[in-house]
Amino acid sequence: MTSSERPTGDQAELDVAAIRKDFPLLHQEQEGKRLVFLDSAASSQRPVHVVEAMSEFYYTSYANVHRGVYRVAERATNRFEQARATVARFIGAGSAAEVVFTKNATEAINLVAGSWGKTNLGPGDAIVLTILEHHANIVPWQMLAAERGFEIRWIPATDDGRLDLSDLDRLVDGAKLVAFTSMSNVTGSITAAEQIIAAAKAAGALTLVDACQSVPHLPTDVTELGADFVTFSGHKMLGPTGIGILWARAELLEAMPPFLGGGGMILNVTTDGFLPDAPPARFEAGTPPIAEAIGLAAAIDYLESVGMEAIRRHEVALTAYALRKLSTELGDSLTIHGPSEPAARGGVLSLELHGVHAHDVSQVLDEHAVCIRPGHHCAKPLMKHLGVPATARASFYLYNDTDDADALAEALVAARDFFAL
Amino acid sequence: MTSSERPTGDQAELDVAAIRKDFPLLHQEQEGKRLVFLDSAASSQRPVHVVEAMSEFYYTSYANVHRGVYRVAERATNRFEQARATVARFIGAGSAAEVVFTKNATEAINLVAGSWGKTNLGPGDAIVLTILEHHANIVPWQMLAAERGFEIRWIPATDDGRLDLSDLDRLVDGAKLVAFTSMSNVTGSITAAEQIIAAAKAAGALTLVDACQSVPHLPTDVTELGADFVTFSGHKMLGPTGIGILWARAELLEAMPPFLGGGGMILNVTTDGFLPDAPPARFEAGTPPIAEAIGLAAAIDYLESVGMEAIRRHEVALTAYALRKLSTELGDSLTIHGPSEPAARGGVLSLELHGVHAHDVSQVLDEHAVCIRPGHHCAKPLMKHLGVPATARASFYLYNDTDDADALAEALVAARDFFAL
Amino acid sequence: MSGLEDLYREIILDHYRNPRNRGELESPPAHRAEGFNPLCGDEIVLHVLLDDDGVIDDIKIGGQGCSISQSSASMMSAAVKGKTIEEARNLTATFKAMMSIHETEIGGDGSEAEADEPVTADLPLGDLEALRGVVKFPVRIKCATLSWNTLSQAFDELAAEATG
Amino acid sequence: MSGLEDLYREIILDHYRNPRNRGELESPPAHRAEGFNPLCGDEIVLHVLLDDDGVIDDIKIGGQGCSISQSSASMMSAAVKGKTIEEARNLTATFKAMMSIHETEIGGDGSEAEADEPVTADLPLGDLEALRGVVKFPVRIKCATLSWNTLSQAFDELAAEATG
Ligand SMILES: Cc1ncc(COP(=O)(O)O)c(C=O)c1O
Ligand SMILES: Cc1ncc(COP(=O)(O)O)c(C=O)c1O
């Protein structure tokens, strides 16, 4: 509210006020204050463009896809497949056939475990995970390991919540898969994907990148990255709920057996058995998230119109500002987990206000209309490593600015004072 | 277009003109003709109420569910759980905790196979399916059977596409599960669920009812039905894509291991393993279809405001009218698969225009703005049984009336004449 | 911040800052039970020691959590110490009845059924009354009930051991 | 119904009603290949008999399908009979190039890559030109290409047998 009075050089590149106009949810007030939404790492808000693209689709072109001959069904199928092509282009995939639509990133990882993992992992084998992982990239592997009896190794973390890669070569030696997050959803730490992928390749292991936190915030090129599997979710990148993405190299998908069975993934079915179709259809049993794919494509259009490079620069600048501001205002009473260097991290700040539990911090902040998320953020092994039961996580996106960081700092001071002995 | 001139006694109960006003897609014209949408068995259209409920939710109350303390997140969680309660009430479930949200009905069936099936079926065991099944209720069991080595038995069908239950007791004897459709998506035949469930119970087998085609069109009470698992999809009942439902008896869900692993389904995770949460959370790994649940609840509100009994009566009357009309206009040149008695079937007509392939029928009908679906309808075993490669399927819903049936008959006559030798 | 003062009554903050019965007991003879709030990561470790008449001889609380879950656990420990299992169960029912108004709305975990449990007693809650304000903050109800649910779990486990 | 007449040219309907080379060949010596259109259930069963010089000595078509897939198969059989594998492959490329304009849009099955295949020939298509109208009906392209894809599959299988 006082942004015009303050230097905004840090983030002048994005016209945040104009962007915010596109996000109706951000226009609301709470207790007479502008809502400050700092929970995009859990799920982003979405611009009218996305919501209206879905409404327009439902109102003009909706039908089930892939099997209809009539024009409306043909339109629906075309738009659905165009959405797949949009996703493919956005992440630099070699072909749209490498893009599989799932219900969320979690299903995408379960798909890799249940299809590739089930046919390639057994007793004597090993895979490598990291202590930074979200439960989505842990539990599917633990479930499979319980069934198939392979070893799970863990890349440890440093005290400030980055990966400790000092022992990388030994850890990946003999492993069949290295599955890791591109950016921690707790510490914001950006992992050294190139280094891990190179080490995995040298060891003959495949790589899965859980890119949930990076695809929405950083330019992504899966081909350049050289990974084998990349997974992410629509709802964290301005898209709707109900859709996630698995990208995988075409040869891998072609060699993988189906994950879920049903309509749309077969060439033939008799009472004796079935013949699976080619990817990506093979992995999309049942009616897919049709309107959600249209919404996701609209979200990508929106992100591209702002520019992924610009979004990244904006977030780095905003994170730098917030780190400074919070340490000025709260000093020793606050620990911010994660790398101190803004360029090494995304706009995710995991806060520990000393003597105040994250739940209580979040409760007080809500009174100030500041929305953050307390908890383990589905990363309990990392919480244990950091020695905290929970953190209060504030996360930025393209619609946040220094006003929001100021509001966060102010509310945190109030929380500290409220709970002061 | 001439409905005012014709007797409408058959279906006077529903004000179809008023209902149609709520469905923007149905307002479009194609080649100067009103669009006649007869593909609801594949996926229904949706009223503004449903689309607007989702938009409103995204604009005012969206946040990821279950973990936020701030008010917006609390609102989102409440509305999501209220949607679950709405579904539970709509189908007569004992408790909302018996309702699991999946991405579609196909995932719901795969969940039962991958969780209950995987822990309960092995060599020497048998399950029973029917020749009427959709691939969604075949392929998951074939995949599991290939892995675990149990037998699949098949309830045969009669020539007119109903179940042949003459040998039911012998077929279910010693089986652990009987999984069957409540209504064929090809022949419209309503199966004798009570009889099958009673026989299964007597044999000590559990039952899974694929209710995709009945829940949208008939009053449903799962408790009264006495089944163990019931599955259906949102998109066939005026709801959005991206959401399906598994209902199961609480004791069953409680005893079942997780299906997909990830965030939201655990009590605790360490590097050594994880502790699953209680149902339904146990079966909802990752960010659920949040907005889709809101949309589905709105769809249920809409259906209830019209009345499920009234919808059923309307469809029976309309089907009776269509069966008469088609046989009058097309006589011997047309075969309509399925029971001839309207009360024994849903509003799904699988047509075979002699000498004209379903694909070609559908193409000609599209020129008349009549949308039907040609193909195997994901029921290849049934197609084989009926001795056809494909049928042209027309299906009715609450927004269809005798005008639509007339348009269908007229377009079919044109198709016959076009391809006549 | 009037809403906040409703939630964070002085007595709650006092129990949070000076938790009663904090610690562990040797197990056995004490029974150990662990509870998780999967939504936020709060954990509670209860140790309950019963005498031969089924009276709670001692109870200790471990684990980590927010002010609401910690103070509720602390107050609970003080309230049930010296009580029989049945008395403690009745107190639990009374407390959960106070909390149940909204629990069904945010549960999604079958807690609905809980709300239907017959409330077997309507006991005076004493200090615990201070937690009534939590009802206005539905997400926090699970914090307040965590220790109580864990206590019920401990009793169930003990009963299962006895019969099993 | 001008659109329809574009799709259903007289020659297409003629091949549909009077399919050429309908039937089976003994296998071996003929090679048998099966193709499915998963979208609609159309099936095609090809039998191809090659002579020692790799010339298509005989070809027979079985299976069921719509007018577009059946007539395309019929025309294909007439067009490739007496041709070498290479000539037939070139004809396939030419035909698929004519059809490819929209195939990528509705494929979702990796057909995009196909469209990028170098078109190794631009042969006269003769009767097959009549299928050009299908391009305006993208959903039907898969009907028109089913027999051609199955022919390519047959050649691939033969090549694999020869080298394997
Ligand atoms: C009888 C039946 N079962 C299962 C399904 C699968 O539903 P979905 O595609 O929504 O998973 C359908 C719909 O296609 C159906 O008609
Ligand atoms: C790093 C990371 N991985 C995986 C996930 C799971 O995503 P979803 O819940 O959309 O499946 C999330 C989001 O919660 C995440 O932040």
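Just so it is clear: chains get the letters A, B, ... in the order the sequence lines come, proteins before strands, and each one is counted from 1.
Among all heavy-atom pairs drawn from A:Met265 and A:Ala285, the shortest one is CG-CB, 3.7 Å. When all heavy atoms are compared, the tightest approach of B:Pro381 to B:His135 is CD-NE2, 4.0 Å. A:Gly375 approaches A:Met383 most closely through the heavy-atom pair O-SD, 4.0 Å. For A:Pro288 against A:Val65, the heavy-atom pair with the smallest separation is CG-CG2, 3.8 Å.
Neither the backbone nor the side chain of A:Ser40 comes within less than 4.5 Å of any heavy atom of chain B. Using a 4.5 Å cut-off between heavy atoms, A:Phe23 makes no contact with chain B at all. For A:Ala105, no part lies under 4.5 angstrom from a heavy atom of chain B. Proximity to chain B is limited to the backbone of A:Ile372, based on heavy atoms less than 4.5 angstrom apart. Using a 4.5 Å cut-off between heavy atoms, A:Ser61 touches chain B through its backbone atoms (N, CA, C, O) alone. Residue contact with chain B, scored on non-hydrogen atoms closer than 4.5 Å, involves the side chain of A:Met54 exclusively. Proximity to chain A (any heavy atom under 4.5 Å) is shown, for B:Ala293, by neither the backbone nor the side chain. With a 4.5 angstrom heavy-atom cutoff, A:Gln363 touches chain B via backbone and side-chain atoms both. Residue A:Glu147 touches chain B through its side chain alone, counting heavy-atom pairs closer than 4.5 Å. A:Val50 does not touch chain B: none of its heavy atoms, backbone or side chain, sits under 4.5 Å away. In this structure, chain A has a heavy atom under 4.5 Å from the side chain of B:Gln28, while its backbone stays farther away.
Ring geometry, A:Phe37 versus B:Tyr70: the interplanar angle exceeds 60°, so the pair is classed perpendicular (tilted spans 30 to 60°).
Atom CD in B:Glu284 sits 11.0 Å away from atom CG in B:Leu260 (nearest 0.5 Å).
By number of non-hydrogen pairs under 4.5 angstrom with chain A, the leading residue of B:Asn268, B:Ile243, B:Thr102 is B:Asn268. Contact tally against chain B (heavy-atom pairs below 4.5 Å) for A:Thr106, A:Leu365, A:Leu25: the top residue is A:Leu25. The candidate with the highest count of non-hydrogen atom pairs below 4.5 Å against chain A, out of B:Gly114, B:Gly273, B:Ser233, B:Gly244, is B:Gly273. Ranked by heavy-atom pairs shorter than 4.5 Å toward chain A, the options B:His377, B:Glu31, B:Glu52 are led by B:Glu31. Counting heavy-atom pairs closer than 4.5 Å to chain A, the top residue among B:Ile290, B:Ile138, B:Thr271 is B:Thr271. Ranking B:Ile152, B:Thr270, B:Thr287 against chain A, the residue ahead of the rest is B:Thr287, based on heavy-atom pairs under 4.5 Å. The candidate from A:Glu133, A:His27, A:Lys118 with the greatest count of non-hydrogen atom pairs under 4.5 Å with chain B is A:Lys118. For the set B:His235, B:His359, B:Lys384, B:Lys236, the count of heavy-atom pairs under 4.5 angstrom toward chain A peaks at B:His235.
Using a 4.5 Å cut-off on side-chain heavy atoms (C-beta onward), A:Asp39 and A:Arg393 make contact. Residues A:Met143 and B:Pro258 meet the side-chain proximity criterion, which asks for heavy atoms closer than 4.5 Å.
A cation-pi arrangement is present between A:Arg46 and B:Tyr62, with the terminal nitrogen or guanidinium carbon under 6.0 Å from the aromatic centre and inside a 45° cone about the axis.
Ionic pairing of A:Arg79 and A:Glu56 is present here: one or more N-O contacts between side-chain nitrogen and carboxylate oxygen are shorter than 4.0 angstrom.
Taking the six-membered ring for Trp and the full ring otherwise, the centers of A:Phe283 and A:Phe101 sit at least 6.0 Å from each other.
Looking only at atom types and distance, the side chain of A:Asp366 has a donor-acceptor partner in the side chain of A:Gln30 under 3.5 Å away.
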